[in-house]
Amino acid sequence: MSSQLNLDTRIIEDVADALIYSDHSGAIVRWNPAASALFGFTAEETLGKNLDIIIPEPMRAGHWKGYNAAIASGTMKFAGKPTVTKAMHKSGQKLYIEMTFALVKDADGSILGSVAMARDVTERVERERAAKAGAVQ
């Protein structure tokens, strides 16, 4: 079991995408090095903190409405579907990220929290917007 736990930890630490696990209240429990690289916060700065540190203020109410509904119902609107959304870097810079989400359940099926994998797609989104703007002119 210990070697499996070590392997699981290595996978989480080494994966190229940001991995963020938050508990049922939205407190960050796991933050891998790729999340630090993407958002600029160290794990120590995020663990135990609310997800609001990476959610732009205008999007927070909608995020929490969806998050709380998912935790309560056991289903997520965007589960397993890559979704492009806005996020915030520690510096205040706005990012576009592509995320996938999943609920995490214990052996009895009780909801423990949510896990998200994220990658920066800011350049792609800006390129697509520039191409659309050029096509409109």
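If you're wondering where the values come from, they're calculated on a predicted model, not measured in any experiment.
- How far NZ of Lys49 is from CD1 of Ile54: 13.5 Å, rounded to the nearest 0.5 Å.
- A salt bridge links Glu128 with Arg124: the distance from a Lys NZ or Arg NE/NH1/NH2 to an Asp or Glu carboxylate oxygen falls below 4.0 Å.
- Looking at Ser73 and Thr75, their side chains do bring a donor and an acceptor atom within 3.5 Å of each other.
- At distances below 3.5 Å, at least one donor-acceptor pair connects side-chain atoms of Glu45 with backbone N or O atoms of Thr42.
- Using modelled atom types, one finds no donor on one side chain facing an acceptor on the other under 3.5 Å when comparing Asp108 with Ser110.
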(Q) Between Leu112 and Tyr21, does the side chain to side chain contact (heavy atoms under 4.5 Å, CB included) criterion hold? Intermediate values first, please. (A) CA-CA 10 Å; Leu112 299 174; Tyr21 169 68; 3.4 Å; yes
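- Below 30°, between 30° and 60°, or above 60°: for Tyr67 and His63 the angle between ring planes is between 30° and 60°, a tilted geometry.
- Interatomic distance, CD of Glu98 versus OG1 of Thr100, reported as 8.0 Å (0.5 Å rounding).
- The heavy-atom pair separating Ala35 from Ala18 by the smallest distance is CA-CB, 3.4 Å.
- Of the inter-residue distances, the one linking Met76 atom CE with Ser114 atom OG reads 3.5 Å to the nearest 0.5 angstrom.
- For Arg129, the side chain to side chain donor-acceptor pair (under 3.5 Å) partners at least two apart in sequence or on another chain are Tyr96.
- Atom CG of Leu103 and atom CD1 of Ile111 lie 4.5 Å apart (nearest 0.5 Å).
- For Asn32, the side chain to side chain donor-acceptor pair (under 3.5 Å) criterion is met by no residue, not counting sequence neighbours.
- With contacts defined as side-chain heavy-atom distances shorter than 4.5 Å, the pair Val29/Leu47 does not qualify.
- Met88 and Pro56 make their closest contact through SD-CA, 4.1 Å (heavy atoms, listed as atom of the first residue, atom of the second, distance).
- Heavy-atom minimum distance, Val15 versus Met117: CG2-CE, 3.9 Å.
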Q | Step-by-step side chain to side chain contact (heavy atoms under 4.5 Å, CB included) determination, Val84 to Ile97 | A | CA-CA 6 Å; Val84 175; Ile97 56 172; over 6 Å; no
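- Hydrophobic clustering, with ILVMFWY side chains joined whenever heavy atoms are under 4.5 angstrom apart, keeps Leu19 apart from Val121.
- Aromatic ring orientation, Trp31 versus Phe41: perpendicular (interplanar angle above 60°, classes split at 30° and 60°).
- Judged purely by atom type and a 3.5 angstrom limit, Ser22 has no side-chain atom pairing as donor or acceptor with the backbone of Ile20.
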**Q.** Evaluation steps, salt bridge (Lys or Arg N to Asp or Glu O under 4.0 Å), between Arg30 and Glu13
**A.** CA-CA 10 Å; Arg30 191 65 187 252; Glu13 295 297 308; 3.0 Å; yes
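- Here the closest heavy-atom approach between residue Lys105 and residue Gly74 is recorded as NZ-O, 3.9 Å.
- Between the NZ atom in Lys86 and the CE atom in Met59 there is a gap of 7.0 Å [rounded to 0.5 Å].
- Nearest heavy atom pair, residue Ser36 against residue Ala43, reads OG-N, 3.7 Å.
- Residues Ile53 and Phe39 have side chains not in contact (no heavy-atom distance under 4.5 Å, counting atoms from C-beta outward).
- One N or O on the side chain of Arg60 and one on the backbone of Asp52 form a donor-acceptor pair closer than 3.5 Å.
- Shown here are the side chain to side chain donor-acceptor pair (under 3.5 Å) partners of Asp23, two or more places apart in sequence or in another chain: Ser25.
- Note that CZ of Arg127 is 11.0 Å distant from OG1 of Thr122, once rounded to the nearest 0.5 Å.
- Smallest separation of non-hydrogen atoms from Lys90 and Gly40: CD-O, 3.3 Å.
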